[in-house]
Amino acid sequence: MKKLTSAFYARKATIVAKELIGKYLVHEQNGEKFIGMITETEAYMGPDDKAAHSYNNHRSKRNEAMYGPAGHAYIYIIYGIHICFNIVTATINIPQGVLIRGVEPIEGIRKMALNRYKTNLEDLTQAKIHNLTNGPGKLTQAMGITMNDYGINLQGNKIYLLDSKKKHNIKTSPRININYAGEAIHYPWRFYIKDNPYVSKPNR
DNA sequence: AAAATGATCAAG
DNA sequence: TTGATCATTTTA
């Protein structure tokens, strides 16, 4: 399988978010390899999107990465506790991004269980296995992604994405937990695979 | 249903 | 310097 190129990322966040579904997110760390198939994403469209951190071209140390070139990681801590992993899209000075909200474990799932629950995979119930990566804060914890990876280039060898030609039944819905965002609340910029158990909130 | 928990940002 | 605000998860 081939890595996604910078040309893939250099488009509108809504397009990239939709096409990212079914692709493979890879993290290599200490000789271990985590792979997750992306099941759920959300697009954040920058200056005109009240839900985006870059609304009205707001710029700060935190969201600096979104103003850089596409195909890099924008990572931030939310609610003081959880780490969210985003992919920068569009081009320099157009601050758009795609939040990865869910992945299905493909490789390294034993280590994911340890990262999340300090428990062996065999001792987890099916429900807890689904809980490994069905949320933005969960998948970063499971895959070992931290603030140290802020701004990393996704064409490198540490964190990157692999292409896939597999077709999925993609559903669309409004985004989650952006109640402060005015009219943007209703924009259908969330994408997910229908009936996949590694999606955070199946019915919205 | 609600607490946990801390970085970030804008106001004073 | 302080207080309000979160692109969430967990527990009950």
Side-chain angles (χ1 to χ4, degrees), chain A residues 9 12-18 20-21 25 36 38-67 70 72-90 94-103 105 112-119 123-151 171-192 197-204:
Chain A
Y9 301 110
K12 289 198 321 195
T14 42
I15 307 254
V16 177
K18 184 168 185 181
L20 237 22
I21 299 289
L25 174 62
I38 297 173
T39 59
E40 182 181 0
T41 61
E42 281 181 5
Y44 286 86
M45 292 296 280
D48 300 321
D49 177 5
K50 282 191 181 169
H53 290 162
S54 51
Y55 175 60
N56 212 9
N57 279 307
H58 175 83
R59 181 169 188 159
S60 68
K61 192 176 176 193
R62 175 172 72 147
N63 67 12
E64 187 65 32
M66 273 202 287
Y67 288 83
H72 289 241
Y74 166 44
I75 302 174
Y76 63 90
I77 293 178
I78 189 61
Y79 299 108
I81 314 173
H82 305 290
I83 294 172
C84 289
F85 177 78
N86 302 247
I87 294 170
V88 179
T89 71
I94 308 286
Q96 300 184 356
V98 175
L99 170 65
I100 308 299
R101 292 190 53 88
V103 304
M112 291 187 195
L114 290 173
N115 284 349
R116 293 261 301 134
Y117 295 114
K118 298 200 188 339
T119 305
D123 299 330
L124 292 182
T125 62
Q126 192 62 38
K128 278 207 164 173
I129 290 176
H130 291 162
N131 255 333
L132 246 27
T133 53
N134 62 350
K138 297 178 188 177
L139 83 267
T140 52
Q141 187 187 8
M143 296 184 73
I145 294 171
T146 70
M147 286 305 288
N148 291 331
D149 301 311
Y150 187 95
K171 298 262 295 177
T172 303
S173 88
R175 291 169 291 178
I176 305 288
N177 284 343
I178 52 163
N179 302 318
Y180 54 89
E183 75 279 355
I185 291 174
H186 306 292
Y187 297 173
W189 289 346
R190 172 174 178 248
F191 305 92
Y192 61 96
Y198 295 95
V199 168
S200 63
K201 299 210 166 77
N203 308 309
R204 289 277 297 261

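So that the names make sense, note that chain A is the first sequence line, chain B the second, and so on, each numbered from 1.
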(Q) Under the rule for ring pair (Phe, Tyr, Trp, His ring centres under 6.0 Å), what residues qualify as partners of A:Tyr198, not counting sequence neighbours? (A)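 Here the qualifying residues are A:His130.
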Q | For DNA chain C, the residues among residues 40-53 of chain A that have a non-hydrogen atom under 4.0 Å from it | A |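 Listed by number, they are A:Tyr44, A:Ala51, A:His53.
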Short side-chain to backbone donor-acceptor contact, [X] and [Y], under 3.5 Å:
X: A:Thr172; Y: A:Pro188; answer: no
X: A:Gln96; Y: A:Ala13; answer: yes
X: A:Glu42; Y: A:Ile176; answer: yes

Hey, does [X] reach any base, or is it just sugar-phosphate, or nothing, if we go heavy atoms under 4.0 Å?
X: A:Ile178; value: sugar-phosphate
X: A:Arg59; value: nothing
X: A:Asn131; value: nothing

Q) Taking for each residue the nucleotide of DNA chain B bearing the nearest heavy atom, is the 5' side occupied by A:Ile81 or by A:Asn63? A)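 With A:Ile81 and A:Asn63 compared, the 5'-side residue is A:Ile81.
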Q: Sorted by first residue and then second, give each side chain to side chain donor-acceptor pair (under 3.5 Å) pair with at least one member in residues 75-84 of chain A; sequence neighbours left out.
A: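 The answer is none; no pair qualifies.
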Q) Which side chain to side chain donor-acceptor pair (under 3.5 Å) pairs, counting each pair once, include a residue from residues 134-151 of chain A, with sequence neighbours left out? A)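 Sorted result for residues 134-151 of chain A: A:Arg116-A:Gln141, A:Asn131-A:Lys138, A:Asn134-A:Lys138, A:Asp149-A:Lys158.
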(Q) The test is side chain to side chain contact (heavy atoms under 4.5 Å, CB included); show your working for A:Tyr117 and A:Asp123 and say whether it passes. (A) CA-CA 10 Å; A:Tyr117 295 114; A:Asp123 299 330; over 6 Å; no
(Q) Taking Watson-Crick (N1-N3 plus N6-O4 or O6-N4) and G-U wobble (N1-O2, O6-N3), each under 3.5 Å, can you produce the dot-bracket string of DNA chain C? Use [ ] for crossing pairs and | for inter-strand ones. (A) ||||||.||||.
Q. How would you give the extent of chain A contacts on DNA chain C, as first and last nucleotide 5' to 3' within a 4.0 Å heavy-atom cut-off?
A.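 Result: C:dC6 to C:dT10.
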Residues in side chain to side chain contact (heavy atoms under 4.5 Å, CB included) contact with [X], at least two apart in sequence or another chain:
X: A:Asp48; result: none
X: A:Pro47; result: A:Asn57, A:Pro95
X: A:His58; result: A:Ser60, A:Asn63
X: A:Ile77; result: A:Ile83, A:Met147

Q. Taking only residues two or more places apart in sequence or in another chain, which ones pass salt bridge (Lys or Arg N to Asp or Glu O under 4.0 Å) with A:Lys50?
A.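 For A:Lys50, the residues satisfying salt bridge (Lys or Arg N to Asp or Glu O under 4.0 Å) (neighbours in sequence not counted) are A:Glu183.
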Q) What is the 5' to 3' range of DNA chain B, first to last nucleotide, that sits under 4.0 Å from any heavy atom of chain A? A)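 Under 4.0 Å from chain A, the extent on DNA chain B is B:dA4 to B:dA10.
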Q) Can you check whether A:Lys18 reaches A:Trp189 side chain to side chain, under 4.5 Å on heavy atoms? A)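 In short, these two side chains do not touch, never coming nearer than 4.5 Å.
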